[in-house]
A.B. asks: 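Sharing a structure, written as structure tokens. Questions coming.
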Amino acid sequence: MKFTYNWLKEFVDIKISARELADKLTMAGIEVTALEKRSGDFVFEIEITSNRPDWLSVAGIAREVAAITNLKFKVPFAAAGLRPAKGAREKPVFQINVEDKKDCPFYSATIIQGLQVVDSPDWLKERLELIGCRSVNNIVDITNYAMFEWGEPLHAFDLSKLAPGEIIIRRAKTGEKILTIDQQERSLDPRVLLIADKSRPLAIAGVMGGQESEISFSTRDILLEAAVFNPVLVRKGRQLIGLQSDSSYRFERGIDRQTLESSRNRAVSLINRIAGGRIVSEKSRGVLSAKSGKIKLTALSLEGTLGFSLPLGKAAAILDKLGFRVSRSKNHLLVTAPLFRRDILSQIDLIEEVARVYGYDKVPSTLPKILPRPQVSTQNDFVRGVKNLLVALGLNEAITYSLVDRGSLSGCGINQDGHVEIENPLSLEQELLRPTILPALLKAVAHNLSHQQNYVNIFEISNVFRMVGGGPRETLSLGIAFCGKQAYLSDSGRIEHEVGVLDLKGVVEKILEFSGIKKDYAFLQAAPGEIKITLKGRELGKIIVPPAETLDRFEIKNRNTVLAEIDLELLFRHVGARIQFKPLACFPKISRDLSIVLKEEVSLENVLREIKSVAGDLLEEAAITDFYRGKQIPAGHKSLTISCVFRSPQRTLSDAEIQPIHARLIQVMAERFGAKIR
Amino acid sequence: MPGLDIEAYQKAFEGEIEAVDSLQALEELKVKYLGRKGILAQLTGSIPQLPQGERAGFGQRANIFKNRINLLIAEKQGALIPQGGPYDLPAASGVDIGMPGYVQEPGHLHPITQTIDEICLIFSRMGFSIVEGPEIETEYNNFTGLNIPLDHPSRDAFDTFYLKGAQHLLLRSHTSPVQIREMKSTKPPLAVVVPGRVYRPDATDASHLFMFHQVEGFLVDQGIRFSDLKGILEVFLKNVFGREIKTRFRPHFFPFTEPSAEVDISCSICKGAGCSSCGQKGWLEILGSGMIHPNVLKNVGYDNKKYSGFAFGMGIERIAMLKYGINDIRLFCENDLRFLRQF
């Protein structure tokens with residue numbers, strides 16, 4: 001909202017500069033977001049929180065300024081409204097007909113006849129223009145002026161355009177239409193409240209008037225509406241037709257009797273002064289409450305909430321300045337809020353008022369005693385551990401959007417069912433909650449390649465979403481993407497390494513190791529380019545080499561790319577004792593290498609398992625220590641060195657003991673796997 | 001040979017070691033004196049032939065000489081080894097210490113994670129627990145339970161993504177619903193911080209994302225006061241932004257707290273004088289806070305006459321941008337390695 005310094009000065013005799021005032025307002029909870037000097041005045045732009053509709057007016061701000069600067073709030077003109085002229089006869093006679101009191105608790109119509117619609121006087125035009133309101137004509141400008149000054153939105157109808165007899169406040173009928181003053185035809189339905197005459201809608205209640213009955217330069221007689229509409233209805237109505245106005249903004253936040261009367265009286269007297277005419281009648285339907293309950297504010301609660309002793313007398317003085325009625329006892333105050341403070345409902349509201357005006361800066365700082373809760377190891381800690389591990393392995397953490405477009409999923413061959421969909425996305429990129437992190441990681445990879453990176457290694461841990469049994473479910477997932485060529489220097493010069501499935505397998509193995517999982521997992525070739533990772537027979541995740549067409553879609557060209565995704569919640573459920581100390585071996589080891597040539601199709605997993613089972617308890621470790629494919633061995637074969645380490649925890653082993661085991665291993669390798677010994 | 005004159009040997013040794021100019025010559029000298037048939041072995045070997053009364057004194061002096069030899073050899077070795085390392089590298093290997101060292105490039109945690117970690121660590125040290133909550137929430141936890149009525153203008157500050165076909169389910173628009181969850185499941189006293197992702201349908205630009213991060217914190221116990229909120233947040237903000245910053249509590253409105261305050265820190269760039277970063281105000285808005293509204297305590301089944309508490313919440317992207325001087329919020333979701341590797 002905007003207001004000006006000079007306008008405010010009409011109600012309170014401010015002694016401080018506009019700049020100082022802006023700071024004071026900000027510190028009292030009226031945040032001044034801009035202050036501009038214009039045409040000999042200062043324009044304040046402020047942000048009003050939704051609990052303070054009374055600040056949506058110059059008078060409301062002036063009351064606050066008076067309270068916080070210790071000055072008087074004064075109304076520089078007769079506050080009482082003008083009454084209908086003696087002996088004036090309303091012709092034709094209008095009835096107000098409110099269909100449902102809940103929709104419109106109060107409606108008043110003031111009929112003024114014989115006025116002159118012309119351009120507004122300069123002072124009125126200028127003042128409205130300063131706060132960003134376009135001048136239309138004197139009548140429309142006055143209704144706006146009164147609203148900005150006092151807070152109640154008013155509407156003037158051209159009386160000659162209304163079907164005589166009745167003004168009706170009713171819900172719209174399905175399919176009913178109205179042309180509003182902004183030249184838009186709007187389709188209505190029963191969720192919208194209307195002002196109508198017998199034949200047609202005249203205005204959308206509290207939101208905008210209709211063009212047919214708007215004030216023109218030929219208007220002579222008007223019906224001036226001042227009403228209170230159900231705030232929820234106004235809110236829904238304006239949401240439905242997608243139109244927020246100064247009027248709907250105020251109605252949504254609530255109007256009280258005092259505000260309504262002040263605005264109407266101000267408008268009527270300005271019309272009388274500027275446009276002439278005769279007030280012929282003023283009638284209303286409904287009643288507005290003129291009562292506020294008493295609220296008790298105790299010294300104990302005040303101190304208990306704020307943390308220091310603020311004298312009740314001081315609190316009473318603050319509330320009094322803010323327009324509250326206060327009666328004081330020894331240990332408490334009985335407080336009645338003014339009508340325009342409909343936000344004040346209980347003691348805590350009073351405490352905030354007192355603290356706010358007293359100054360938050362005067363509240364001391366203390367430290368509470370906190371008893372830490374013993375925390376067991378949580379999934380959160382586990383996730384943090386996984387992140388640290390991945391970073392230690394050289395990966396970089398990414399954060400990508402959890403919302404995706406359908407296209408990027410189907411581009412990755414992900415089926416179309418079971419997605420969690422967003423009802424109100426702003427764009428296609430927000431259609432779905434993602435069931436997988438991988439497409440977003442591919443996008444991040446592509447972004448990096450387009451910025452000349454040769455090697456991308458990123459991961460993300462976030463929720464993924466799926467419909468399960470009719471409801472949405474979120475689970476924590478880890479996605480990893482490797483792309484390109486890793487290069488590093490060594491004594492033999494630059495070494496380049498193209499990423500592949502085994503890079504990701506290595507990472508996944510380290511994660512399993514970190515999770516204390518030593519067995520019951522497997523890597524299974526599920527399809528070309530897809531390796532399934534299982535844990536206790538359940539799918540823990542997969543390693544994927546995306547097909548060329550997927551990579552094309554993401555514009556990843558000529559680069560090895562490998563992805564993995566792991567269900568972290570499943571993994572967390574199986575986390576084992578991570579660290580179990582084993583005594584250090586104190587007897588020497590004996591190592592024996594097996595150098596064998598195998599056919600490509602022989603799985604090394606089987607070979608290693610067989611070695612372990614044949615070698616027995618003395619085998620401490622069997623590890624592949626060298627690997628070769630190439631000219632020196634037959635095509636379709638691979639050559640390996642498997643280093644077997646033997647050790648006993650009780651004694652020093654002798655070569656003679658190990659020799660037969662080694663011989664047996666060689667024999668089994670040949671028999672079971674057709675291995676040739678090199 | 002000076003016979004059994006230890007002092008003469010020592011003088012000779014000191015002269016010889018002075019002249020040594022290679023590791024090889026040093027090794028030869030070492031053998032000459034300390035070897036199996038070296039001078040020192042000869043000296044100690046002759047002890048039995050000495051008169052009874054001289055043996056002990058001679059042995060002592062021989063020992064001192066030996067220590068002296070060891071010391072000088074070690075010193076010389078240090079001087080002869082190529083600069084830059086304690087390794088006995090053969091000069092011929094041609095190591096250029098100007099070459100970059102061989103090391104695997106470490107990975108980097110996302111700056112948002114690092115900022116969340118820093119915030120959570122500060123609160124952990126003060127005794128707060130870290131708790132997380134789901135991103136899909138009920139309308140009740142996100143709004144109604146927090147004293148934000150449906151169809152009320154106070155909801156306008158929280159534009160929200162709703163789920164299709166799922167009644168009253170939405171993507172949380174703040175981390176505050178975890179207050180409701182945590183308080184419903186746990187009795188006071190309670191001191192908790194909640195980091196997490198939140199969603200609001202905003203058009204993306206240099207200062208808005210439709211998905212971002214918040215850290216929420218709250219504390220409920222008997223006798224918790226507004227002054228405690230001030231104390232805790234001042235400690236927190238000085239930890240993050242430095243001892244010298246000033247803080248300012250400004251009245252504000254949040255439906256779920258009362259009294260409510262927005263907390264500003266003095267602008268770290270202009271030190272409060274006013275610059276373009278702080279919009280000439282000298283202050284930067286950092287977080288929202290307040291005493292938990294009695295209605296919220298009632299909604300979770302707490303006795304609001306007995307217990308009180310405070311709550312606060314902050315946007316992580318904003319704090320990270322201020323801390324690191326990042327000028328475009330979209331960088332956080334681009335995952336450019338040149339960006340990530342700076343943190």
Side-chain angles (χ1 to χ4, degrees), chain A residues 26-29 49-51 232 235-236 252-253 304-308 348-349 351-352 355-356 360 363-368 370-373 375 380 387 390-391 393-403 420-424 426 430 444 447-448 451 453 456 458 463 471-472 474 489-490, chain B residues 100 102 104-110 112-113 126-127 129-130 132 134-136 151 153-154 156 161-166 169 189 191 197 201 203 210-211 219 221 223-228 230-232 234 249-253 258-259 261 291 293-294 308 332-338 340-341:
Chain A
T26 295
M27 290 313 286
T49 53
S50 62
N51 61 324
V232 173
R235 180 174 170 83
K236 285 196 167 156
E252 267 185 60
R253 283 157 176 77
T305 303
L306 298 179
F308 73 109
I348 193 74
D349 302 319
I351 294 174
E352 180 174 63
R356 180 176 72 78
Y360 282 0
V363 178
S365 299
T366 54
L367 286 175
I370 302 174
L371 289 177
R373 258 198 286 179
Q375 261 197 312
N380 186 15
K387 279 190 185 180
L390 293 173
V391 166
L393 293 174
L395 282 82
N396 295 291
E397 187 191 11
I399 289 179
T400 61
Y401 296 123
S402 308
L403 297 173
V420 184
E421 296 178 46
I422 297 296
E423 175 74 44
N424 54 335
L426 289 182
Q430 303 166 347
H447 169 90
N448 279 293
H451 289 86
Q453 296 286 342
V456 184
I458 52 177
N463 283 321
E474 53 184 283
L489 289 175
S490 81
Chain B
Y102 303 151
Q104 187 209 314
E105 176 64 25
H108 299 261
L109 283 174
H110 196 282
I112 291 298
T113 301
M126 294 196 272
S129 313
I130 299 159
E132 289 184 2
E135 291 168 32
I136 295 178
D151 295 314
S154 60
D156 289 352
F161 284 116
Y162 278 83
L163 301 192
K164 200 182 255 178
L169 289 183
R197 289 186 181 198
F210 62 81
M211 179 192 96
L219 184 152
D221 200 350
I224 297 301
R225 305 153 308 168
F226 191 69
S227 59
D228 295 324
K230 277 188 81 175
I232 291 279
E234 278 165 7
F249 287 70
R250 195 155 43 72
H252 199 70
F253 170 72
E258 186 163 16
M291 301 304 289
H293 198 287
S308 56
F332 290 116
C333 281
E334 241 170 31
N335 300 300
D336 194 311
L337 286 170
R338 295 167 301 171
L340 296 176
R341 286 191 180 129

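The chains referred to below are lettered A, B, ... by the order of the sequence lines, with proteins before strands, and numbering in each begins at 1. All heavy atoms count here, side chains included; hydrogens, waters and symmetry mates do not.
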A.B. asks: What part of A:Val363 gets within 4.5 angstrom of chain B, counting heavy atoms only: side chain, backbone, both, or neither?
C.D. replies: both
A.B. asks: Answer with side chain, backbone, both or neither: which region of B:Arg341 has an atom nearer than 4.5 Å to a non-hydrogen atom of chain A?
C.D. replies: side chain
A.B. asks: Find the distance between CD (A:Glu397) and CG (B:Leu340) and round it off to the nearest 0.5 Å.
C.D. replies: 8.5 Å
A.B. asks: Please evaluate residues A:His447 and B:Asp336 with respect to the criterion side-chain contact (heavy atoms from CB on, under 4.5 Å), reporting the C-alpha separation (whole Å), side-chain torsions for both, the decisive distance (0.1 Å), and the verdict.
C.D. replies: CA-CA 7 Å; A:His447 169 90; B:Asp336 194 311; 3.0 Å; yes
A.B. asks: Drop me the distance from B:Phe226's CZ to A:Glu352's CD, to the nearest 0.5 angstrom.
C.D. replies: 8.5 Å
A.B. asks: Where do B:Phe210 and A:Gln430 land on the side-chain contact (heavy atoms from CB on, under 4.5 Å) test, with the steps shown first?
C.D. replies: CA-CA 9 Å; B:Phe210 62 81; A:Gln430 303 166 347; 2.9 Å; yes
A.B. asks: Quick check: closest heavy atoms across A:Leu426 and B:Ala203, and the distance to 0.1 Å?
C.D. replies: CD1-N, 3.9 Å
A.B. asks: Just how far is it from atom CD1 of A:Ile458 to atom NE2 of B:His110, taken to the nearest 0.5 Å?
C.D. replies: 10.5 Å
A.B. asks: Identify which part of A:Glu421 has an atom lying under 4.5 Å from any heavy atom of chain B, answering side chain, backbone, both or neither.
C.D. replies: both
A.B. asks: Among A:Lys236, A:His451, A:Arg356, A:Glu474, who wins on heavy-atom pairs under 4.5 Å with chain B?
C.D. replies: A:Glu474
A.B. asks: Starting at CG of B:Asp228, measure out to CG of A:Leu367 and round the result to the nearest 0.5 Å.
C.D. replies: 7.5 Å
A.B. asks: Looking at B:Gln104, B:Arg197, B:Met126, B:Arg338, which one has more heavy-atom pairs under 4.5 Å with chain A than the rest?
C.D. replies: B:Arg197
A.B. asks: Taking A:Thr400, A:Asn424, A:Thr49 one by one, which has the highest count of heavy-atom pairs under 4.5 Å against chain B?
C.D. replies: A:Asn424
A.B. asks: I'd like to know if A:Glu423 and B:Lys164 make a salt bridge, using a cut-off of under 4.0 Å between side-chain N and carboxylate O.
C.D. replies: no
A.B. asks: To the nearest 0.5 Å, what is the distance between OH (B:Tyr102) and CG (A:Leu489)?
C.D. replies: 6.5 Å
A.B. asks: Quick one: what part of B:Glu105 sits under 4.5 Å from any heavy atom of chain A, side chain, backbone, both or neither?
C.D. replies: backbone
A.B. asks: So for B:Ser129, is it side chain, backbone, both, or neither that comes closer than 4.5 Å to the heavy atoms of chain A?
C.D. replies: both
A.B. asks: Taking side chain as C-beta onward, heavy atoms only, is A:Pro368 less than 4.5 Å from B:Asp221?
C.D. replies: no
A.B. asks: Are side-chain heavy atoms of B:Pro106 and A:Val391 found at a separation under 4.5 Å?
C.D. replies: no
A.B. asks: Out of curiosity, B:Glu334 CD to A:Ile399 CD1, how far, rounded to the nearest 0.5 Å?
C.D. replies: 13.5 Å
A.B. asks: Among A:Ser402, A:Gly471, A:Pro372, which has the most heavy-atom pairs under 4.5 Å with chain B?
C.D. replies: A:Ser402
A.B. asks: So for B:Glu234, is it side chain, backbone, both, or neither that comes closer than 4.5 Å to the heavy atoms of chain A?
C.D. replies: side chain
A.B. asks: Between B:Pro134, B:Ser308, B:Gly165, which shows the greatest number of heavy-atom pairs under 4.5 Å with chain A?
C.D. replies: B:Pro134
A.B. asks: Highest number of heavy-atom pairs under 4.5 Å with chain B: which of A:Leu390, A:Val420, A:Asn463, A:Leu306?
C.D. replies: A:Leu306
A.B. asks: Work out which heavy atom in A:Ala444 is nearest to a heavy atom in B:Asn335; give both atom names and the distance.
C.D. replies: CB-CB, 4.0 Å
A.B. asks: Can B:Arg225 and A:Thr305 be said to form a side-chain contact (heavy atoms from CB on, under 4.5 Å), step by step?
C.D. replies: CA-CA 5 Å; B:Arg225 305 153 308 168; A:Thr305 303; over 6 Å; no
A.B. asks: Contact part of A:Ala28 toward chain B, heavy-atom cut-off under 4.5 Å: side chain, backbone, both or neither?
C.D. replies: backbone
A.B. asks: Determine the minimum heavy-atom distance between A:Ile348 and B:His293, stating which atoms define it.
C.D. replies: CG2-NE2, 4.2 Å
A.B. asks: If you count heavy-atom pairs within less than 4.5 Å of chain A, which of B:Glu258, B:Met291, B:His108 leads?
C.D. replies: B:Glu258
A.B. asks: Mark yes or no for whether A:Asn396, through its side chain, and B:Gly107, through its backbone, hold a donor-acceptor pair below 3.5 Å.
C.D. replies: no
A.B. asks: Heavy-atom distance under 4.5 Å to chain A: side chain of B:Pro294, backbone, both or neither?
C.D. replies: side chain
A.B. asks: Can you say whether A:Asn448 sits under 4.5 Å from chain B via the side chain, the backbone, both, or neither, judging by heavy atoms?
C.D. replies: side chain
A.B. asks: Closest approach of A:Gly307 and B:Ser227, non-hydrogen atoms and distance?
C.D. replies: CA-OG, 3.5 Å
A.B. asks: Is B:Phe332 in contact with chain A via its backbone, its side chain, both, or neither, using a 4.5 Å heavy-atom distance?
C.D. replies: backbone
A.B. asks: Please classify the contact between A:Phe308 and chain B as side chain, backbone, both or neither, with a heavy-atom cut-off of under 4.5 Å.
C.D. replies: neither
A.B. asks: Tell me, out of A:Leu393, A:Ile351, A:Leu371, who's got the most heavy-atom pairs with chain B below 4.5 Å.
C.D. replies: A:Leu393
A.B. asks: Which one, A:Ile370, A:Val232, A:Asn51, A:Leu395, leads in non-hydrogen pairs under 4.5 Å with chain B?
C.D. replies: A:Asn51
A.B. asks: Does any heavy atom of chain B fall under 4.5 Å from the side chain of A:Glu252, the backbone, both, or neither of them?
C.D. replies: both
